[in-house]
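Quick caveat: nothing in here was measured; it's all calculated off a predicted structure.
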Amino acid sequence: DHDIEPSEHLYSPPSPQDTIGFDKIFLINLKRRLDRRTRMLKTMASLGLHATLTDAVDGKALNTSQLQALGIEMMPRYKDPYSGRVLTRGEIGCFLSHHSIWIQVLERGLQSVLVLEDDVRFEPRFKRRLQAIMDDIDKAQLDWDLIYVGRKRMQVQQPEQSVDGVNNLVEADYSYWTLGYALSQQGARKLLAAEPFTRMLPVDEFLPVMFNKHPK
């Protein structure tokens with residue numbers, strides 16, 4: 001983490017900030033979680049990353065009439081595969097937060113974006129390593145939709161296939177979490193074309209379904 005405050009007696013020039021070649025780096029944050037917002041903006045500035053702050057949809061504030069107005073219907077018979085519970089309002093809010101970014105990608109004609117949630121933790125040399133991966137992808141002229149930057153592997157019995165010509169990139173198998181991913185314009189178009197509001201799932205279940213990686 002980068003939460004240690006520098007000494008007030010030392011001058012440290014601000015790091016130049018960029019978006020690592022993405023059109024935007026979106027940071028999703030709940031307004032009521034000012035602590036996370038402050039920590040993330042400080043951390044990203046220290047890493048030289050320019051963030052575009054996006055207010056998350058607060059699922060706890062959603063009521064039934066709002067869901068109906070949005071045309072949201074739950075996936076029939078869906079239950080969490082581990083707890084057995086139905087979709088929560090928090091998961092609905094999380095999905096809506098990501099969905100709003102997918103829409104922005106198309107409406108604003110963005111070619112590629114990086115999406116981060118406010119609880120992400122950065123690995124050492126994150127910026128340099130991600131830049132190298134994206135440079136390799138460009139050189140290999142890879143046709144891509146979505147690249148997980150942070151995830152939880154759910155299928156660990158079989159090794160994942162490496163991507164030819166790109167170091168440190170694999171064809172992701174069944175994975176959870178949406179704390180960090182790169183998304184292309186064509187990827188956003190595919191996600192929206194599925195009309196996910198009509199059969200809503202948690203967003204980290206929806207993504208594996210969309211890319212044929214869900215075991216069910």
Side-chain angles (χ1 to χ4, degrees), residues 17-34 36-41 43-45 47-62 66-73 87 89-120 122 126-127 130-131 133-134 137-138 142-151 172 175 177-211:
Q17 295 182 25
D18 59 51
T19 57
I20 338 177
F22 296 102
D23 290 337
K24 293 281 185 185
I25 299 179
F26 288 105
L27 173 62
I28 300 173
N29 168 257
L30 274 173
K31 276 186 175 180
R32 57 184 165 84
R33 291 308 304 265
L34 183 60
R36 288 186 176 184
R37 177 179 305 206
T38 301
R39 180 185 64 80
M40 279 297 297
L41 290 177
T43 300
M44 293 181 73
L47 293 173
L49 298 175
H50 177 72
T52 297
L53 202 58
T54 300
D55 287 332
V57 176
D58 194 340
K60 292 182 179 179
L62 293 171
Q66 288 173 311
L67 299 182
Q68 290 174 341
L70 289 168
I72 292 175
E73 297 179 13
L87 196 68
R89 291 294 167 96
E91 287 171 331
I92 294 172
C94 181
F95 197 113
L96 293 175
S97 303
H98 286 271
H99 187 271
S100 70
I101 291 174
W102 306 342
I103 289 176
Q104 285 189 63
V105 170
L106 294 193
E107 288 184 344
R108 300 169 68 176
L110 305 178
Q111 295 304 306
S112 66
V113 299
L114 180 64
V115 182
L116 301 173
E117 294 181 346
D118 63 6
D119 55 351
V120 68
F122 294 101
F126 168 81
K127 183 178 180 180
L130 182 55
Q131 181 72 72
I133 289 172
M134 299 311 297
I137 287 171
D138 285 342
L142 193 67
D143 187 32
W144 64 278
D145 295 324
L146 183 145
I147 299 168
Y148 283 107
V149 174
R151 63 185 175 120
S175 302
W177 298 351
T178 50
L179 47 82
Y181 59 90
L183 183 68
S184 68
Q185 186 180 107
Q186 71 174 16
R189 185 173 287 108
K190 287 180 181 179
L191 297 178
L192 293 170
E195 298 182 351
F197 284 10
T198 61
R199 299 178 301 279
M200 184 166 279
L201 291 167
V203 66
D204 55 3
E205 286 269 21
F206 174 69
L207 295 183
V209 168
M210 283 299 301
F211 298 108

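- Proximity of Ile92 to Val57: side-chain heavy atoms (C-beta onward) are nowhere separated by under 4.5 Å.
- Between Val115 and Thr178, every side-chain heavy-atom pair lies at or beyond the 4.5 Å cut-off.
- Counting heavy atoms from C-beta on, the side chains of Thr19 and Lys24 never come closer than 4.5 Å.
- Note: Leu106 CG to Ile103 CD1 = 8.5 Å, rounded to the nearest 0.5 Å.
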**Request:** Would you sort out whether Arg89 and Leu67 count as a side chain to side chain contact (heavy atoms under 4.5 Å, CB included), showing the intermediate values?
**Result:** CA-CA 10 Å; Arg89 291 294 167 96; Leu67 299 182; 3.8 Å; yes
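- Residues Leu146 and Phe211 meet the side-chain proximity criterion, which asks for heavy atoms closer than 4.5 Å.
- For Cys94 against Val203, the heavy-atom pair with the smallest separation is SG-CG1, 3.9 Å.
- Side-chain contact check for Thr52 versus Leu27: every heavy-atom pair is 4.5 Å or farther apart.
- Shown here are the side chain to side chain contact (heavy atoms under 4.5 Å, CB included) partners of Pro196, two or more places apart in sequence or in another chain: Phe95, His99, Phe206.
- A distance of 10.0 Å separates CG of Leu49 from OG1 of Thr43, quoted to the nearest 0.5 Å.
- Glu117 is linked by a salt bridge (charged side-chain N to carboxylate O under 4.0 Å, His left out) to nothing, counting only residues two or more places apart in sequence or in another chain.
- The minimum heavy-atom distance linking Ala56 with Ser97 is given by the pair CA-OG, 3.4 Å.
- For Gln185 (side chain) and Leu110 (main-chain N/O), a donor-acceptor pair under 3.5 Å exists by modelled atom type.
- A donor-acceptor contact closer than 3.5 angstrom is absent between the side chains of Asn29 and Arg36.
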**Request:** May I have the step-by-step check of side chain to side chain contact (heavy atoms under 4.5 Å, CB included) for Val120 and Met40, ending in yes or no?
**Result:** CA-CA 8 Å; Val120 68; Met40 279 297 297; 3.4 Å; yes
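- Here the closest heavy-atom approach between residue Tyr181 and residue Trp102 is recorded as OH-NE1, 3.0 Å.
- Distance check, rounded to the nearest 0.5 Å: CG of Leu96 to CG of Leu70 gives 6.0 Å.
- Residue pairs meeting the salt bridge (Lys or Arg N to Asp or Glu O under 4.0 Å) criterion with at least one partner in residues 183-201, sequence neighbours excluded, are Asp145-Lys190.
- With rounding to the nearest 0.5 angstrom, the CD1 atom of Ile72 is 10.5 Å from the CD atom of Gln68.
- Remark: Arg32 engages Asp58 in a salt bridge (charged side-chain N to carboxylate O under 4.0 Å, His left out) (not counting sequence neighbours).
- Taken from OG1 in Thr38 to CG in Leu34, the straight-line distance is 4.0 Å, to the nearest 0.5 Å.
- Under the 4.0 Å criterion applied to side-chain N and carboxylate O atoms, Arg37 and Asp55 are assigned as salt-bridge partners.
- Scanning all heavy atoms of the two residues, the minimum distance from Gln66 to Ala61 falls at OE1-O, 3.3 Å.
- Shown here for Ala51 and Met44, the closest heavy-atom pair between the two residues is CB-CE, 3.6 Å.
- For the side-chain hydrogen bond (donor to acceptor under 3.5 Å, both in side chains) test, residues two or more places apart in sequence or in another chain that qualify with Lys127 are Asp18.
- In this structure, Gln186 contributes its side chain and Trp144 its backbone to a donor-acceptor pair below 3.5 Å.
- No side-chain heavy atom of Leu116 sits under 4.5 Å from any side-chain heavy atom of Ile28.
- Listed by chain and residue number, nothing satisfies the ring pair (Phe, Tyr, Trp, His ring centres under 6.0 Å) test with Phe26 (two or more places apart in sequence, or in another chain).
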**Test log, rule side chain to side chain contact (heavy atoms under 4.5 Å, CB included), inputs Leu191 and Met210** = CA-CA 7 Å; Leu191 297 178; Met210 283 299 301; 3.8 Å; yes
**Item:** Residue pair Leu201, Leu87: steps toward the side chain to side chain contact (heavy atoms under 4.5 Å, CB included) verdict
**Value:** CA-CA 7 Å; Leu201 291 167; Leu87 196 68; 5.7 Å; no
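- Contact check for Ile101 versus His98: no side-chain heavy atoms found under the 4.5 Å cut-off.
- Counting only heavy atoms from C-beta outward, the side chains of Leu130 and Leu114 approach each other to under 4.5 Å.
- Looking at Ser184, its side chain never comes within 3.5 Å of a backbone N or O of Ser112 through a donor-acceptor pair.
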